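What follows is a short report on a single structure.
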Amino acid sequence: MTLTTAPRGTYDIMPNQALAWQWLEKNIREVFLLYGYGEIRTPIFEHTELFQRGIGETTDIVEKEMYTFTDKGGRSITLRPEGTASVVRAYIEHKLYGQAPVAKLYYLGPMFRQERPQAGRFRQFHQFGVELIGDESPVADAEVILLAHDLYRRLGLTDLEIHLNSVGCPHCRQEYKRVLTSMLKAAAGELCPTCRVRLDRNPLRLLDCKNAACQGILSRVPPIQNYLCTDCRHHFDQVVALLETVNVKYELSPRLVRGLDYYFRTVFEILNKDLGAQNALCGGGRYDGLVEECGGPAVPGVGFASGIERVLTTLEQRGKLPEFSNSPNLYLIPLGEQLSAVAFSLATTLRRAGYIVELGNGRKSLKSQLKTAHKSGAALAVIIGEDEWQAREVTFKKMDDGSQKRIAVADLATEIVKLVHPSVGTSKMGKGSQERSSVDDLIDTLQKELAMVNHLVVPLTNCTNKEE
RNA sequence: GUGGGCGUAGCUCAGUUGGUUAGAGCGCCAGGUUGUGGCCCUGGAGGUCGAGGGUUCGAAUCCCUCCGUUCACCCCA
């Protein structure tokens, strides 16, 4: 049982699904490139201490969700539950602060959290995200939010909700926490058990509790905005103003606090309400202080992380996922095992010329192979039978209308070029005046390769003839 | 970690108050055409009914335990 099932919360991405992943990843990389971010690939695991320190000891991630083990050297190792800590570690390790005023980094890859899986939540899941380190200005916050927004927009996702809040700096947050704690202590008996615990450990986290009773009590609590210091207030106002200048719609969410300790001032989430309980497409915010906490200089930072699975689900829900196809251009059908060798050589030739070629099984009937060719979605079937090959010909059959004709091997190159465009290596094609010459190039290449096929194939057919 | 739903063919699912060789549709393979796909027709393969235990003359069906899965809580992407 365990041998034939992927571990709980994990899953396989099968070839047809992988096409959507590749498409999405390509779009992500392109947008990040537009905004000037460079990819960083950090290890999948890190020293446990990095996450404990970076994410925060009292967070759920660190307290109960990490995949942690001791390696053979006795070191405590953890599979990364998120990306920011690792990027910050690498930033410090490579002393990027000494190379340029800001570092703009992006990542994309698997993350691991040991939670009970449910809709939109997995134990191995995939995130992409950016970290803009070294810029304390509100423009940086706005850019990061806009980056996420623009990426989704480019993918065709328009009416998503951007939720925005400020959690202040350690100074004003301290003040707010005091007010919050004193107000809630009085009503502690009515709070849910987890909130009662949080009251002492991390009172801000009470704010987004979904328990109805807690919400009732919390509705009487003033929003954190009322307690922001002038600098924090000013910073937040500017972020909001910047979003206005580019006409991005947002909602102010005074209850949004987010579960990671490192957030500072700006926090945001982008939601798709249709996703189910796990409806956040991405989340992020500013984390001034994190680099220093992790042993680097006092450098500010801001970033976000987005879940690939959730983006894909949203795209699918909204019908924005393109149709993907990896149908072959040509399906070669040898009739009989002797001719399989001919088809094999021909397939190699055509693949080298950039065509997607599928090769039928020569032991199977023509009918069976044609069925398979049909199912493969190939545009053209090339039948290589004894009749044809005696005359050094093959039969071309167009799969859409069923029309067919016999083609002399000598004319193969020109005929193929006329009927199908290669799917691979098309970069040389389609550039106006260059098109003509690249078609000729293709024919040349094919002809050279085909000469080789003839050469290889003659002894084989001779063999067949001798046996008869 | 807690709670609810669901586990029958590759997939989607029927299966009556417990009753004999567990079914359908789709898919797959083959044939109908000694060399022609899609449509149609015929046939075939494929199931320890999630696992173990119990009740019973008899269990896919009832009971228990476990496992898996799914949704929700906590929390998050």
Side-chain angles (χ1 to χ4, degrees), chain A residues 1-2 4-11 55 58-65 80-84 107-129 148 192-195 197-198 202 205-206 208-212 214 256-260 269-272 275-284 303-314 331 333-336 339 360-362 364-389 395-404 406:
Chain A
M1 190 69 87
T2 56
T4 53
T5 328
R8 162 172 296 193
T10 69
Y11 59 96
I55 300 169
T58 63
T59 57
D60 280 6
I61 291 179
V62 171
E63 278 183 345
K64 53 184 195 188
E65 295 172 5
R80 63 181 187 191
E82 57 107 53
T84 302
Y107 59 86
L108 186 157
M111 306 292 166
F112 306 85
R113 293 183 201 172
Q114 189 161 176
E115 302 176 84
R116 286 281 281 264
Q118 69 184 74
R121 183 161 72 200
F122 308 92
R123 289 186 167 184
Q124 174 173 341
F125 60 104
H126 298 77
Q127 284 187 336
F128 59 90
C192 71
T194 41
C195 279
V197 175
R198 282 193 194 136
N202 197 346
R205 292 276 303 288
L206 270 83
D208 57 5
C209 179
K210 286 170 199 150
N211 183 293
C214 298
L256 178 62
V257 292
R258 302 192 47 76
L260 286 74
E269 284 180 354
I270 300 182
L271 309 180
N272 168 13
L275 273 181
Q278 312 305 323
N279 58 10
L281 240 43
C282 83
F304 77 82
S306 178
I308 292 189
E309 286 86 349
R310 292 186 190 177
V311 171
L312 282 173
T313 307
T314 303
Y331 195 100
I333 301 181
L335 299 178
L339 290 167
N361 180 346
K364 298 218 170 191
S365 69
L366 172 59
K367 177 178 179 148
S368 162
Q369 292 193 69
L370 269 174
K371 271 189 189 174
T372 312
H374 178 246
K375 269 177 285 191
S376 78
L380 187 72
V382 179
I383 301 167
I384 307 163
E386 299 230 348
D387 291 355
E388 287 91 340
W389 201 248
T395 296
F396 274 19
K397 185 180 181 74
K398 285 167 74 178
M399 296 304 283
D400 52 355
D401 61 7
S403 65
Q404 60 185 64
R406 285 171 66 135

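Note: hydrogens, waters and symmetry copies are ignored here, and every other heavy atom, side chains too, is used. From a predicted model like this one, the values you see are computed outputs, not experimental measurements. Residue numbers start from 1 in every chain, and the chains themselves are labelled A, B, ... in the order their sequence lines are given, proteins ahead of strands.
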Below 4.0 angstrom from OP1 or OP2 of C29(B), is there any side-chain N or O of S368(A)? no
Across all strands, who's sitting opposite U56(B) as a Watson-Crick or G-U wobble pair, both distances under 3.5 Å? none
So what does I383(A) hit on the nucleic acid, given a heavy-atom distance under 4.0 Å: a base, only sugar-phosphate, or nothing? base
Which is more 5' along RNA chain B, the nucleotide nearest S365(A) or the one nearest T395(A)? Just name the residue. S365(A)
Short side-chain N/O contact to A30(B) OP1/OP2 from K364(A), under 4.0 Å: yes
From C-beta outward on R310(A), which listed nucleotide comes closest to its side chain: G35(B), C71(B), A77(B)? A77(B)
Could you walk me through whether D60(A) and E65(A) satisfy the side-chain contact (heavy atoms from CB on, under 4.5 Å) test, starting with their C-alpha distance in whole Å, then the side-chain angles of each, then the deciding distance to 0.1 Å, before giving a yes or no? CA-CA 7 Å; D60(A) 280 6; E65(A) 295 172 5; 3.9 Å; yes
Any Q118(A) side-chain nitrogen or oxygen under 4.0 Å from OP1 or OP2 of C73(B): yes
Rounding to the closest angstrom, what is the interatomic distance between U12(B) and U69(B) at atom P? 15 Å
I want to verify a distance call: between G37(B), U36(B), C74(B), whose nearest atom is closest to the Q278(A) side chain? C74(B)
With a 4.0 Å cut-off on heavy atoms, is N272(A) in touch with a base, just the backbone sugar-phosphate, or nothing at all? nothing
Using Watson-Crick geometry (N1-N3 plus N6-O4 or O6-N4) or G-U wobble (N1-O2, O6-N3), each under 3.5 Å, G68(B) is paired with C6(B)
Assess the side chains of T10(A) and Q124(A): does a donor N or O sit below 3.5 Å from an acceptor N or O? no
U8(B) to G52(B) separation - P atoms, rounded to the nearest Å: 16 Å
Could you walk me through whether K397(A) and I333(A) pass side-chain contact (heavy atoms from CB on, under 4.5 Å), step by step? CA-CA 11 Å; K397(A) 185 180 181 74; I333(A) 301 181; over 6 Å; no
Nearest-Å distance once atom P is located in both G27(B) and U36(B): 22 Å
After noting the C-alpha distance and the side-chain angles of V382(A) and Y331(A), does the key distance pass the side-chain contact (heavy atoms from CB on, under 4.5 Å) rule? CA-CA 6 Å; V382(A) 179; Y331(A) 195 100; over 6 Å; no
Applying a 4.0 Å non-hydrogen cut-off, can you work out what A373(A) is touching in the nucleic acid: base, sugar-phosphate, or nothing? nothing
Would you say the base of U69(B) and the side-chain of R8(A) have a donor-acceptor pair closer than 3.5 Å? no
In whole angstrom, give me the gap between the P atoms of C13(B) and G31(B). 33 Å
Under 4.0 Å, heavy atoms only, any strand: does R116(A) hit a base, just the sugar-phosphate, or nothing? base
Can you check the distance between C67(B) and C28(B), where both ends of the measurement are the P atom (answer in whole Å)? 38 Å
State which of C28(B), C71(B), A77(B) makes the closest approach to the side chain of K375(A). C28(B)
Assign each of L335(A) and K367(A) the nucleotide of RNA chain B bearing its closest heavy atom; nearer the 5' end lies the nucleotide of K367(A)
Does Q404(A) get its side chain close enough to the base of G35(B), under 3.5 Å, for a donor-acceptor pair? no
Residue matched to G43(B) through Watson-Crick or wobble contacts both under 3.5 angstrom: C29(B)
Quick one: is R121(A) getting a side-chain N or O under 4.0 Å of the U70(B) phosphate, OP1 or OP2? no
